[in-house]
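What follows is one structure encoded as structure tokens, with my remarks underneath.
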Amino acid sequence: MCGIVGLIGNFRGNDLISMMKTIERRGLDAHGVYLENDEHTVFNDNIDLDSFSDNSSYDVGFGHNLLSITNFYKEDNTLNLQPKRRDNLVLSFNGEIYNYKEVLDFLKSNLYNDEPPKSDSELLIILLDYYYKKDHNLLNAVTRTNMIIDGDYVYSVYDSENLAVARDKVGVKPIYYGQHNELKGYASERKALWKIGIEDINCLKPGYILYNFEEIPPKYFLYNYESHKNHKYETYKKELDNLITKSIKDRIANIDDIAVIFSGGVDSTLLVYYIYENLEEGQSLSLYSVGNEDSQDLKYSRMLAERLDLPLREAIVNEELVRDCLDDALLAIEEPSMMKLGVGMTMYIACRMIHEDGIKVAISGQGADELFAGYKRYLNTYNEGYVDDDGLIYKRFRAVEHELRHDVSKIHSVNLERDDAAAMANTVELRVPYLSENLVKWTLDIPAKYKISGGDDNVRKNILRDLAIDKGIPEFIAYRNKKAAQYGSGIDKILRKKIFKNQNINKYFNNLKENI
């Protein structure tokens, strides 16, 4: 993935550069800028971020930090450089388009006769340009484009008059925006906006388009999809198997070295089995686990790694390690939240090891609990009911189904933004196979009775565990009931009882923020 920033208003070129430097860890391979005022434009897609300087005044500016995942140093370096220009469109893209071939086939079938694009960003700007030329309406072009592409992404596109920023339907990739006086800006991380004095910051919601800094909602929300069809249990499970397989294949394609953030639980173990059986020649798979000396996560991770003969690297959590990672992890998640810090630091430590080993892509099991009723609180929902935003009351299985949809609608702000930040602070791209668009739609449509058997089901995620058994995963793993990451690793206890026992986390965070 990458880091993108943009400014509209009166600013200096070096203001944009300072934003890019603040989030440089999101992409160390190359850096590009586009700057525009009434007199001239500056377009350079391969600057030296340390030596480039421009103190002229501008009205429009975009910056891009590139993390090139595939073949950046093996082929023509210019393939992945950004921002991209095509006629009067300027594009900055952060993400992956997983239906690349289908989009390319669509373009070819619509009289596109040029050389085929050689990167996701080039494909995207060609598609945007195709729609833009129909009526020269940028909002229409972005809306139509988002209906076709399937992936994890945010991007901005500018047509010399209008600016549009778009986010994927699940919200896997973050984008923030805000305004200070007449200066408006957006960035992959809040701290880039803090750097130029923007403190009142909003997060663009999944599926939305920010058009000239006004939020435009999508025509439909992914979590509201319902097929109104009742399939047999085996049909649900078979299609679940197919969709996970496709999601895994999409997310490991063209990657030499693959890392899995591994807890030894059913979610991450199932992903490991899918990856293992879909590895191509020349691809490697490694596991990374975080826990204290007595951690059950480490115990089961070692057992699975030995069973599959896969390399496992461990980080043993203690007070020294937590203190060593504290400042960087807290600045990465950008919130003085003890809960988010506990989980985010687990991700941060794992991705630090992954970066040290020279790997750029990590796979995570994020999303499985929200899709398959993994959390214990779903028992209370089953027993006590669920009240939706309209005041309607649902009971038992319907209550669970409605809460699952609610949780998926909020997963971007609760989990995904935190995890992306912790990973990208280590220049590691995080991919979440359970949250592919089609898999989310299918899984939310599976009746809750196949996920949770009732109000006393202390294991839950039943159809996923059943699928794990079919895949050959040992029963003691498939039906293992594990703790949340911050508790299983022991990080939460160290944070609460030692590091922040006698000091305020809000004050500590504000001191760090002042030194950005």
Side-chain angles (χ1 to χ4, degrees), residues 2-27 33 35 49 55 57-65 92 94 154 156 158 163-167 171 173-206 208-216 326-341 344 348 410 412-422 424-425 500 503-516:
C2 310
I4 64 175
V5 299
L7 289 173
I8 302 291
N10 185 15
F11 63 93
R12 302 283 182 178
N14 285 335
D15 293 332
L16 191 77
I17 298 302
S18 69
M19 294 174 71
M20 295 172 66
K21 287 182 177 179
T22 302
I23 61 168
E24 184 179 5
R25 294 292 297 177
R26 295 188 73 90
V33 297
L35 295 162
L49 199 57
N55 209 34
S57 294
Y58 293 96
D59 305 312
V60 177
F62 310 111
H64 189 275
N65 292 333
S92 291
N94 168 25
V154 293
S156 69
Y158 174 68
L163 171 69
V165 182
R167 187 178 187 183
K173 294 301 155 191
I175 195 74
Y176 305 93
Y177 69 94
Q179 180 174 355
H180 177 64
N181 296 328
E182 298 302 314
L183 183 62
K184 299 176 181 178
Y186 67 86
S188 296
E189 297 180 16
R190 296 182 186 91
K191 62 178 66 69
L193 296 170
W194 294 338
K195 188 69 176 180
I196 57 167
I198 296 178
E199 293 285 341
D200 186 12
I201 297 173
N202 299 292
C203 177
L204 184 63
K205 294 186 282 292
Y208 277 66
I209 298 169
L210 186 69
Y211 191 67
N212 295 328
F213 286 87
E214 295 291 333
E215 286 197 356
I216 308 296
L326 177 62
D327 290 1
D328 286 345
L330 189 53
L331 274 178
I333 66 171
E334 301 178 327
E335 289 184 60
S337 163
M338 199 79 75
M339 178 71 73
K340 286 193 174 184
L341 180 60
Y348 180 90
K410 301 297 183 184
H412 66 286
S413 58
V414 176
N415 293 327
L416 298 180
E417 290 157 10
R418 175 204 64 218
D419 288 356
D420 174 87
M424 292 305 293
F500 290 110
Q503 63 177 325
N504 184 279
I505 188 173
N506 292 281
K507 184 177 180 180
Y508 190 91
F509 174 75
N510 288 333
N511 288 336
L512 290 176
K513 183 179 172 182
E514 288 176 2
N515 294 318
I516 291 176

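These numbers come from a predicted model, not from an experiment.
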How many angstroms lie between [atom1] in [X] and [atom2] in [Y], if you round to the nearest 0.5 Å?
{"X": "Phe500", "Y": "Leu341", "atom1": "CZ", "atom2": "CG", "answer": "6.5 Å"}
{"X": "Leu49", "Y": "Lys21", "atom1": "CG", "atom2": "NZ", "answer": "5.5 Å"}
{"X": "Asn510", "Y": "Ile505", "atom1": "CG", "atom2": "CD1", "answer": "10.5 Å"}
{"X": "His412", "Y": "Cys203", "atom1": "NE2", "atom2": "SG", "answer": "5.5 Å"}
{"X": "Leu16", "Y": "Phe62", "atom1": "CG", "atom2": "CZ", "answer": "9.5 Å"}
{"X": "Asn14", "Y": "Met20", "atom1": "CG", "atom2": "CE", "answer": "11.5 Å"}

Please check this pair: side chain of [X] against backbone of [Y], looking for a donor-acceptor N/O pair closer than 3.5 Å.
{"X": "Asn94", "Y": "Gly3", "answer": "no"}
{"X": "Asp200", "Y": "Gly178", "answer": "no"}
{"X": "Asp15", "Y": "Arg12", "answer": "yes"}
{"X": "Ser188", "Y": "Ile4", "answer": "yes"}
{"X": "Glu334", "Y": "Arg190", "answer": "yes"}

Geometric class of the Tyr186/Phe213 ring pair [parallel <30°, tilted 30-60°, perpendicular >60°]: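 The rings of Phe213 and Tyr186 sit tilted, inter-plane angle from 30° to 60°.
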Parallel, tilted or perpendicular: ring planes of Tyr58 versus Phe11, cut at 30 and 60 degrees: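 Judged by the thresholds at 30° and 60°, the geometry between Tyr58 and Phe11 is tilted.
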Compare all side-chain heavy atoms of [X] with those of [Y] and state whether any distance is below 4.5 angstrom.
{"X": "Leu183", "Y": "Asn10", "answer": "no"}
{"X": "Asn212", "Y": "Ile8", "answer": "no"}
{"X": "Ile175", "Y": "Tyr208", "answer": "no"}
{"X": "Val154", "Y": "Pro174", "answer": "no"}
{"X": "Met19", "Y": "Leu193", "answer": "yes"}

Name all residues meeting the salt bridge (Lys or Arg N to Asp or Glu O under 4.0 Å) criterion together with [X]; count only those two or more places apart in sequence or in a different chain, and write none if there are none.
{"X": "Lys184", "result": "none"}
{"X": "Glu417", "result": "Arg167"}
{"X": "Glu215", "result": "Lys205"}
{"X": "Lys340", "result": "Glu335"}

Taking all non-hydrogen atoms of both residues, which atom of [X] and which atom of [Y] are closest, and how far apart?
{"X": "Gly344", "Y": "Ala422", "result": "O-CB, 3.5 Å"}
{"X": "Ile23", "Y": "Lys191", "result": "CG2-CG, 4.1 Å"}
{"X": "Ala421", "Y": "Ala332", "result": "CB-O, 3.1 Å"}
{"X": "Asn506", "Y": "Pro336", "result": "OD1-CG, 3.3 Å"}
{"X": "Ile198", "Y": "Gln179", "result": "CG2-N, 3.6 Å"}
{"X": "Val165", "Y": "Ser156", "result": "CG2-CB, 3.9 Å"}

Greater than 12 external heavy atoms within 6.0 Å of Gln503's CD: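 Enclosed: over 12 neighbouring heavy atoms sit under 6.0 Å from CD of Gln503.
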Derivation and outcome, side-chain contact (heavy atoms from CB on, under 4.5 Å), residues Tyr508 and Asp327: CA-CA 9 Å; Tyr508 190 91; Asp327 290 1; 2.5 Å; yes
Partner residues of Tyr348 under the ring pair (Phe, Tyr, Trp, His ring centres under 6.0 Å) criterion, sequence neighbours left out: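 Applying ring pair (Phe, Tyr, Trp, His ring centres under 6.0 Å) to Tyr348 gives none.
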Full working for side-chain contact (heavy atoms from CB on, under 4.5 Å) between Val60 and Tyr158: CA-CA 10 Å; Val60 177; Tyr158 174 68; 3.6 Å; yes
Pairs touching residues 503-516 that satisfy salt bridge (charged side-chain N to carboxylate O under 4.0 Å, His left out), sequence neighbours left out: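 Non-adjacent pairs meeting salt bridge (charged side-chain N to carboxylate O under 4.0 Å, His left out): Glu199-Lys513.
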